[in-house]
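Count residues from 1 along the sequence. On a predicted model such as this, the values are computed, not experimentally measured, just so you know.
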Amino acid sequence: MSLPAEMTRIEITEPGGPDVLQVKRVPLPDVAEGEVLIQVHAAGVNRPDALQRAGQYPMKPGMNPIPGLEVSGVVVSVGAGVNAFAVGDRVCALTNGGGYAEYAAVPAGQTLPIPNGLDWVQAAAIPETFFTVWANLFGLGGASKGQRALIHGGTSGIGTTALMLCREFGIDAFATAGSADKCAAISKLGGQPINYREEDFAKVVAEKTDGQGVNVILDIMGGSYLNGNVSALAMDGRLVMLGFLGGARANDFDLLAMMAKRAVITGSLLRARTAAEKAAIASELREHVWPALASGRCLPLIDKVFALNDAAKAHAHMEAGDHIGKIVLQVG
């Protein structure tokens, strides 16, 4: 296949607001052993992209400085040792960065065939949130049929994905949001909404579970919610931390409450996981979640689509906090 010498991509020119995202013309990325080169048709926009842009994401040496953690598109080249994919395959993938571009090189183990019936935008909205929710809610959190979960940020990409997967796998879910419209969206996704501006989420959980609490909490807030989260947990409950919008440090944390409930507090960064770990998550998703997607269930909720060159506008829209579901960049 004949490929162009250059492509368009979005670069972070310096730490700062959305305006530091700039359009650049650069050579196509090299395809290493075990990788596939994808001609990108759409790329998801996620909170870690904005944190990286602002200089607040822990970038380890060797991490790709180009934003974009998920893409959909067509395989146009395969690296040595890749047998699972061929040129022309329609795929979506969890990248290690570099998704805000016309072409992206991605490890084959983090690449999956697009489920039947999904378009480019829907497919690009899957990998980052589905990998994250599967690894944390079901992996670290151990959520299973018949249990109860609390999802903070219920209308974010992570939140909507978690709610859909809870419904799919028989888990009763509560979810927090800050407006009537967002609470209505949570209800449509099968969750029990809690308006955190009007209610104490821990008290609501206690009232609606007869004081039993929830088995697992997926939290994007961090320090400011820590005591409330422990209060909302059931005995032997698990609190899984994904973010720190409410602060990366916790003051006056009640250790006794944690010990009394035998609570497990954990968390993870998807980007920091090894290639083998990400490949294992991809395999589990293909087995357990891909059939639901192919049947038209658990489809990602799309809030708004922007052109690649409007990545700055997409970030501003996300940071305004009014979106429900995923924000996606359309490429080409």
Side-chain angles (χ1 to χ4, degrees), residues 7-12 17-24 38-53 66-76 90-95 97-104 106 111-133 153-164 177 179 181-182 184-186 188-189 289 293-294 296-332:
M7 68 175 186
T8 296
R9 77 179 182 193
I10 306 298
E11 296 185 4
I12 301 170
D19 60 313
V20 305
L21 295 173
Q22 297 293 319
V23 178
K24 303 287 185 180
I38 299 171
Q39 182 180 7
V40 178
H41 285 280
V45 177
N46 295 284
R47 184 67 59 177
D49 300 335
L51 292 173
Q52 180 185 340
R53 186 210 72 223
I66 305 305
L69 298 175
E70 57 186 349
V71 298
S72 67
V74 177
V75 174
V76 294
R90 297 175 73 252
V91 297
C92 59
L94 178 77
T95 77
Y100 289 12
E102 292 180 315
Y103 293 85
V106 184
T111 304
L112 287 159
I114 294 177
N116 292 335
L118 273 69
D119 61 27
W120 299 121
V121 169
Q122 290 173 310
I126 290 174
E128 201 274 343
T129 51
F130 277 74
F131 272 70
T132 297
V133 171
T155 56
S156 66
I158 293 291
T160 54
T161 299
L163 286 169
M164 289 187 292
S179 72
D181 287 345
K182 290 186 175 184
I186 288 169
K188 288 181 180 179
L189 293 171
V289 177
L293 292 169
R297 303 191 307 277
C298 301
L299 298 181
L301 192 62
I302 306 300
D303 177 81
K304 195 167 184 179
V305 179
F306 293 83
L308 176 64
N309 289 5
D310 289 330
K313 293 180 180 178
H315 274 225
H317 179 66
M318 179 174 63
E319 293 183 323
D322 297 326
H323 63 288
I324 297 175
K326 292 298 293 280
I327 300 166
V328 177
L329 300 176
Q330 199 155 28
V331 183

Check your understanding: Does the side chain of I126 come within less than 4.5 Å of L118's, by heavy atoms?
Key -> yes
**Study point:** Intermediate values then yes/no, side chain to side chain contact (heavy atoms under 4.5 Å, CB included), Y100 and V40
**Key:** CA-CA 9 Å; Y100 289 12; V40 178; over 6 Å; no
**Study point:** Rounded distance (nearest 0.5 Å) linking atom OG1 of T95 with atom CD1 of I66
**Key:** 11.0 Å
Check your understanding: Would D303 and H317 count as a side chain to side chain contact (heavy atoms under 4.5 Å, CB included) if you check the C-alpha gap in whole Å, the side-chain angles of each, and the deciding distance to 0.1 Å?
Key -> CA-CA 10 Å; D303 177 81; H317 179 66; 2.6 Å; yes
Practice item. Would you confirm whether T155, through its side chain, and I324, through its main-chain N or O, come within 3.5 Å as a donor-acceptor pair? Key: no
Review point. Which pair of heavy atoms, one from I10 and one from N309, lies closest together, and at what distance?
Key: CD1-CA, 4.4 Å
Practice item. Keeping to residues at least two apart or across chains, list the salt bridge (charged side-chain N to carboxylate O under 4.0 Å, His left out) pairs with something in residues 321-332. Key: E70-K326
Review point. What's the spacing between S72 OG and Q122 CD if we round to 0.5 Å?
Key: 10.0 Å
Check your understanding: Donor-acceptor pair, R9 side chain versus K24 backbone, under 3.5 Å?
Key -> no
Review point. Between L163 and G154, what is the shortest heavy-atom contact and its length?
Key: CD1-O, 3.5 Å
Point to revise | Minimum heavy-atom distance between L301 and M164, given as atom pair plus value | key: N-CE, 4.4 Å
**Study point:** For the student: nearest non-hydrogen atoms of G99 and A43, plus distance
**Key:** O-CB, 3.4 Å
Practice item. Would you check if V74 and V91 make a side-chain contact, meaning some heavy-atom pair closer than 4.5 Å? Key: no
Practice item. Please tell me if the side chains of K304 and H323 come closer than 4.5 Å, counting only heavy atoms from C-beta onward. Key: no
Review point. Any idea which heavy atoms bring P48 and L69 closest together, and the distance?
Key: CB-CD1, 3.8 Å
Point to revise | Sole candidate of I38, V76, V71, T8 that passes side-chain contact (heavy atoms from CB on, under 4.5 Å) when paired with Y103 | key: V76
Practice item. Answer whether the closest heavy-atom distance between the side chains of N46 and D49 falls below 4.5 Å. Key: yes
Review point. If you take all heavy atoms of D19 and Q22, which pair is closest and at what distance?
Key: O-NE2, 2.7 Å
Check your understanding: Quick one: does P127's side chain get under 4.5 Å of L112's, heavy atoms only?
Key -> no
Check your understanding: Between H41 and W120, how do the two ring planes meet: parallel, tilted or perpendicular, split at 30° and 60°?
Key -> parallel
Exercise for review: Find the distance between OG (S156) and NZ (K182) and round it off to the nearest 0.5 Å.
Suggested key: 8.5 Å
Exercise for review: Could you pull out all residues at least two apart from T111 that satisfy side chain to side chain donor-acceptor pair (under 3.5 Å)?
Suggested key: none
Review point. Do L94 and F130 come close enough that some side-chain heavy atom pair is under 4.5 Å?
Key: no
Review point. What's the spacing between D181 CG and I186 CD1 if we round to 0.5 Å?
Key: 11.5 Å
Review point. How about D119: does its CG atom have over 12 heavy atoms from other parts shown lying under 6.0 Å from it?
Key: yes
Review point. Do R47 and E319 touch side chain to side chain, with heavy atoms closer than 4.5 Å?
Key: yes
